[in-house]
Asker: 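Before I ask anything, here is the structure I am working with.
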Amino acid sequence: MERPGFSKLMDKLESGDVLVVTKLDRLGRNAMDVRSTVEALAANGVRVHCLALDGVDLTSAAGKMTMQV
């Protein structure tokens with residue numbers, strides 16, 4: 001959240017939106033940061049899809065399992 005551009009993006013996302021990222025490292029600096037970002041987005045009703053993981057929805061049950069691995 002310390003990155004100005006990413007903070008602006010987070011402010012504009014609304015419930016029902018889908019955020020598409022190319023790789024997980026675009027969401028945070030480490031695994032815990034990525035996980036907390038995805039959880040915060042999911043809590044706000046925003047789905048997160050990662051193209052590097054074949055477009056999996058990280059907020060779905062399968063996506064959560066993928067992130068655990």
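These numbers were taken from a predicted model, which means no experiment stands behind them.
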Asker: Nearest 0.5 Å please: distance from the CG atom of Leu41 over to the CG atom of Leu19.
Answerer: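 So the gap between those two atoms works out to 6.0 Å.
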Asker: Applying side-chain contact (heavy atoms from CB on, under 4.5 Å), can you list everything that pairs with Met32, at least two apart in sequence or on another chain?
Answerer: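 Applying side-chain contact (heavy atoms from CB on, under 4.5 Å) to Met32 gives Asn30, Arg35.
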Asker: Can you name the residues that form a side-chain hydrogen bond (donor to acceptor under 3.5 Å, both in side chains) with Arg47, not counting sequence neighbours?
Answerer: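 Arg47: no side-chain hydrogen bond (donor to acceptor under 3.5 Å, both in side chains) contacts found.
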Asker: Let me confirm one number: the CZ-OG1 distance from Arg26 to Thr37, rounded to the nearest 0.5 Å.
Answerer: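 OG1 of Thr37 is found 12.5 Å from CZ of Arg26.
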Asker: Through direct or indirect side-chain contacts below 4.5 angstrom among Ile, Leu, Val, Met, Phe, Trp and Tyr, which residues connect to Leu51?
Answerer: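 Same cluster as Leu51: Val18, Val20.
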Asker: Any salt bridge (charged side-chain N to carboxylate O under 4.0 Å, His left out) involving residues 59-69? Give me the pairs, sequence neighbours left out, ordered by first then second residue.
Answerer: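 Those involving residues 59-69 do not exist here.
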Asker: With sequence neighbours excluded, tell me which residues meet side-chain contact (heavy atoms from CB on, under 4.5 Å) with Leu53.
Answerer: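 Residues passing side-chain contact (heavy atoms from CB on, under 4.5 Å) with Leu53: Leu24, Cys50, Val56, Leu58, Thr66.
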Asker: Just grab all the side-chain hydrogen bond (donor to acceptor under 3.5 Å, both in side chains) pairs involving residues 48-58, residues at least two apart or on different chains.
Answerer: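 For residues 48-58: Asp57-Thr59.
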Asker: Scan residues 5-14 for pairs that pass salt bridge (charged side-chain N to carboxylate O under 4.0 Å, His left out), counting only residues two or more places apart or in two chains.
Answerer: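 Every pair satisfying salt bridge (charged side-chain N to carboxylate O under 4.0 Å, His left out) with a residue in residues 5-14: there are none.
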Asker: Partners of Asp17 by salt bridge (charged side-chain N to carboxylate O under 4.0 Å, His left out), sequence neighbours excluded?
Answerer: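 Partners of Asp17 under the salt bridge (charged side-chain N to carboxylate O under 4.0 Å, His left out) test: none.
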Asker: Sequence neighbours excluded, which residues qualify as salt bridge (charged side-chain N to carboxylate O under 4.0 Å, His left out) partners of Lys23?
Answerer: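 For Lys23 the salt bridge (charged side-chain N to carboxylate O under 4.0 Å, His left out) partners, ignoring immediate neighbours, are Asp25.
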Asker: For Ser36, what residues pass the side-chain contact (heavy atoms from CB on, under 4.5 Å) criterion, not counting sequence neighbours?
Answerer: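 Testing Ser36 for side-chain contact (heavy atoms from CB on, under 4.5 Å), a comparison that skips the adjacent residues, returns Asp33.
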